[in-house]
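For reference, the structure is listed below as structure tokens.
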Amino acid sequence: MTDTSVKKVSLEASPEGEMGQRYLATGTKLGMRLWDEAEPTDGMGGHTRDYETVGYVISGSAELTLEGQTVRLEPGDSWVVPAGAQHDYRILEAFTAVEATSPPARAHGRDEE
């Protein structure tokens, strides 16, 4: 049987991750998170994750380095980071973006690996 219940997650009740992300609604195959006014950084340290990420920039700017290629992300831009790809984010100015991850980043401690 499939769970057909509606799930609502208010921002005030959403858990915060170790990197400052807020975990929003999460299903069994897809999770959503928010980076809200994340402060500038010199980089978050290159890493790989076992989930795919797609994101959309609401405000601010950042640089995404993915497997040696760097792109600037600005409001209205979206991006994809494939599962297993070496990547790093450098936030240039207060950055707000929404990301979806598949499978969900928060499940089973995937964000802390």
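The analysis underlying the following values was restricted to heavy atoms, covering all of them including side chains, and did not include hydrogens, waters or symmetry mates.
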Are any side-chain N or O atoms of [X] and backbone N or O atoms of [Y], one a donor and one an acceptor, separated by less than 3.5 Å?
X: His87; Y: Leu64; result: no
X: Thr101; Y: Glu52; result: no
X: Gln69; Y: Glu67; result: no
X: Arg22; Y: Leu11; result: yes
X: Ser102; Y: Lys29; result: yes

Heavy-atom pair with the smallest gap, counting every atom of Ala94 and Glu37: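 Looks like CB-OE1, 3.2 Å.
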
Nearest heavy-atom neighbours spanning Thr70 and Thr65: OG1-OG1, 2.9 Å

Tell me whether [X] shares a hydrophobic cluster with [Y], the cluster being built from Ile, Leu, Val, Met, Phe, Trp, Tyr side chains joined at under 4.5 Å.
X: Met32; Y: Tyr56; result: yes
X: Leu34; Y: Tyr23; result: no
X: Val98; Y: Leu30; result: no
X: Phe95; Y: Leu66; result: yes

Inter-residue atom distance [X].[atom1] - [Y].[atom2], 0.5 Å rounding:
X: Asp36; Y: Gln21; atom1: CG; atom2: CD; value: 12.5 Å
X: Thr41; Y: Ile91; atom1: OG1; atom2: CD1; value: 4.5 Å
X: Ser14; Y: Arg33; atom1: OG; atom2: CZ; value: 13.0 Å

Pair up each side-chain donor or acceptor in residues 71-84 with any protein partner under 3.5 Å, not counting sequence neighbours, and list the distances.
unit_1	atom_1	unit_2	atom_2	d
Arg72	NE	Glu74	OE2	2.9
Arg72	NH2	Ser61	OG	3.4
Asp77	OD2	Glu74	N	2.8
Trp79	NE1	Tyr89	OH	3.1

So do the side chains of Glu63 and Leu92 get within less than 4.5 Å of each other, counting heavy atoms only? yes

